[in-house]
Number of protein chains: 2
Amino acid sequence: MPVRQSSKPRARRPAAEARPYHHGDLRRVLIDAALQLAAEGAEISVREAARRATVSPGAPFRHFPNRDALMAAVAEEAQRRFRAEIEAALSESPAAGPLARFRAFGLAYLRWAMRNPAHFEIISTGRYFAHGGSSELTRDNAELIALTEQMLADAAAQGLLRSADLKRIQIAGRALVYGFARMKLDGHLPRWGVEEGEIERMAEGVLDLFIAGIAKP
Amino acid sequence: MPVRQSSKPRARRPAAEARPYHHGDLRRVLIDAALQLAAEGAEISVREAARRATVSPGAPFRHFPNRDALMAAVAEEAQRRFRAEIEAALSESPAAGPLARFRAFGLAYLRWAMRNPAHFEIISTGRYFAHGGSSELTRDNAELIALTEQMLADAAAQGLLRSADLKRIQIAGRALVYGFARMKLDGHLPRWGVEEGEIERMAEGVLDLFIAGIAKP
DNA sequence: CCACTATGTAATCATCGATTACATAGTGGG
DNA sequence: CCCACTATGTAATCGATGATTACATAGTGG
């Protein structure tokens, strides 16, 4: 946590930060503070983010026109991390069949959601800011979706699927994975959620059940 | 919208409301106002509910210790309506097989969620108030879940299912339906959501795909 | 070296949830 | 029948928040 230590906030030579003016990229610091706030389970408030950046309550509004804009930037950052992890997981399980890749995708998705619940919520809910449709977040997400569509198309081409309605399968798969993740976050898996790891095993089982259901016997 | 019209707020004879003291069940009026606020897509605030009840900003706190308590009451009311509709739908499709009843349940669930998005969100999210575990909402929900478990047990007893892991099937089914509903609410079904009714047909298709996946061929 | 702009501060506003002191309206016991 | 008592509502107030505005300061480039 690089906080300026000197009593006088800004020294003469600003440590050659490369970044622009006074603070040395306050924008980034605010986004990180907000992400950390979320991870701690706290509400994200502009003031609290400013407080953690040791900056006045009005300063953030030089970088974001309003709270929603900050939240959108936070969501985009979280989405970047999410996507990076998914793609890393996919590149680790190289060839295999398309259904195995589909499974790996779903598993990585679920794991990230379980382990970064607050960030997953920010990404997915669209309640935190006015999802202007065209944001980087939407584009990023669309590319992930396209990835799953390709896997399903490959599976169909290899005659692995019972049904030819790929769109339906794809929506169902998304709903299943998204729903499981959200059930966890929304507290709908209370009873057997006590033991850590059990939920991830159940997630895996649910995913396998789905794949078995769509695969040709 | 029964708002008192007289310039003097409270007349001598309070119109024989049967209900207790001054206002004539302010509690109920506040809950209804909050539900309507949600249905309009607005944030629920105690003050706005008070405003709509033509009452001072502090009055609601005579009936609810804090905002969360109001939200919890609102959620319980929404849950009552939800459950009533599910059970009505089930009683309309009487006998049939257990899987047909399972399907009817899922369809009623999805329909209600699509048509009452804000209320569904209040029920399900658990972000609106401090879900104290023991609320009526939790109990109500548990009973609905038990219903689906019974249907699956019946189906298994009649040898209709491919897998014997009923818990897994049940969680997967919940995740699928919950996930589809939430995808709709969270704006994850953009493209083909333009035409009304198309989404409900897709919901039906997804449900059928799932049932076909778990049913013995 | 000096305008110019990017960035941050200080002060201020409206709204909100919440608390407190006070007012009023029914109820029930003597 | 009246009078305490309690349930209910009001008014005033507090602290926190998002947001705006006027002002200060720090780098940049002609």
Side-chain angles (χ1 to χ4, degrees), chain A residues 3-4 6-31 33-34 37-38 40 42-74 127-130, chain B residues 2-4 6-31 33-34 37-38 42-74 127-130:
Chain A
V3 175
R4 290 172 181 281
S6 59
S7 57
K8 262 225 163 133
R10 271 175 298 287
R12 270 302 178 79
R13 297 260 129 218
E17 281 260 14
R19 289 299 178 163
Y21 295 83
H22 310 51
H23 183 112
D25 210 348
L26 176 57
R27 183 189 160 87
R28 158 71 54 183
V29 173
L30 288 170
I31 292 175
L37 275 175
E40 291 167 10
E43 289 288 311
I44 297 184
S45 86
V46 177
R47 285 179 114 90
E48 182 58 28
R51 223 169 275 133
R52 299 210 174 183
T54 343
V55 102
S56 82
F61 293 95
R62 292 290 168 183
H63 297 270
F64 305 97
N66 50 42
R67 190 195 122 107
D68 269 17
L70 169 59
M71 294 304 304
V74 168
R127 189 183 311 103
Y128 284 96
F129 56 97
Chain B
V3 176
R4 290 174 182 281
S6 59
S7 56
K8 265 235 162 123
R10 269 175 300 288
R12 272 301 180 80
R13 297 259 130 222
E17 283 261 13
R19 289 299 177 163
Y21 296 83
H22 309 50
H23 183 113
D25 211 346
L26 176 57
R27 183 189 161 87
R28 159 68 55 181
V29 172
L30 289 170
I31 293 175
L37 275 175
E43 289 288 311
I44 296 184
S45 87
V46 177
R47 284 180 115 90
E48 181 60 28
R51 224 170 273 134
R52 299 210 174 183
T54 344
V55 104
S56 82
F61 294 94
R62 293 288 168 183
H63 297 270
F64 305 97
N66 50 39
R67 188 195 122 106
D68 269 17
L70 169 60
M71 294 304 304
V74 168
R127 191 183 309 104
Y128 283 96
F129 56 99

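Quick note on labels: first sequence line is chain A, next is B, and so on, each numbered from 1.
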Whole-Å distance separating the CG atom of B:Leu26 from the C1' atom of C:dA25: 15 Å
Main-chain N/O of B:Ile44 paired to B:Arg67 side chain as donor or acceptor, under 3.5 Å: yes
Contacts of A:Phe64 that satisfy side chain to side chain contact (heavy atoms under 4.5 Å, CB included) - sequence neighbours left out: A:Arg27, A:Leu30, A:Ile31, A:Ala69, A:Leu70, A:Ala73
Gap between atoms CZ and C1', on A:Arg62 and C:dT9 respectively (whole Å): 9 Å
Presence of A:His63 side-chain N/O under 4.0 Å of C:dG8 phosphate oxygens OP1/OP2: yes
Nearest atoms (heavy-atom pairs only) where B:Phe61 meets B:Asn66: CE2-CA, 4.0 Å
Dot-bracket line, read 5' to 3' along DNA chain D, where crossing pairs take [ ] and | marks a partner on another strand, Watson-Crick or G-U under 3.5 Å: ||||||||||||||||||||||||||||||
4.5 Å side-chain heavy-atom contact, A:Arg62 and A:Leu26: no
Heavy-atom closest pair, residues B:Ala50 and B:Pro60: CB-CG, 3.7 Å
Nearest non-hydrogen partners of B:Glu43 and B:Leu37, listed with the distance: O-CD1, 4.1 Å
Point-to-point distance, once rounded to the nearest 0.5 Å, from OG of B:Ser56 to CZ of B:Arg47: 9.5 Å
All N/O contacts under 3.5 Å from nucleotides 13-19 of chain D to the protein, with atom names and distances to one decimal?
residue: D:dT17; atom: OP2; partner: A:Arg51; partner atom: NH2; Å: 2.8
residue: D:dG18; atom: OP1; partner: A:Val46; partner atom: N; Å: 3.1
residue: D:dG18; atom: OP2; partner: A:Val46; partner atom: N; Å: 3.2
residue: D:dG18; atom: OP2; partner: A:Arg47; partner atom: N; Å: 3.2
residue: D:dG18; atom: N7; partner: A:Arg47; partner atom: NH1; Å: 2.7
residue: D:dG18; atom: O6; partner: A:Arg47; partner atom: NH1; Å: 3.4
residue: D:dA19; atom: OP2; partner: A:Arg67; partner atom: N; Å: 2.6

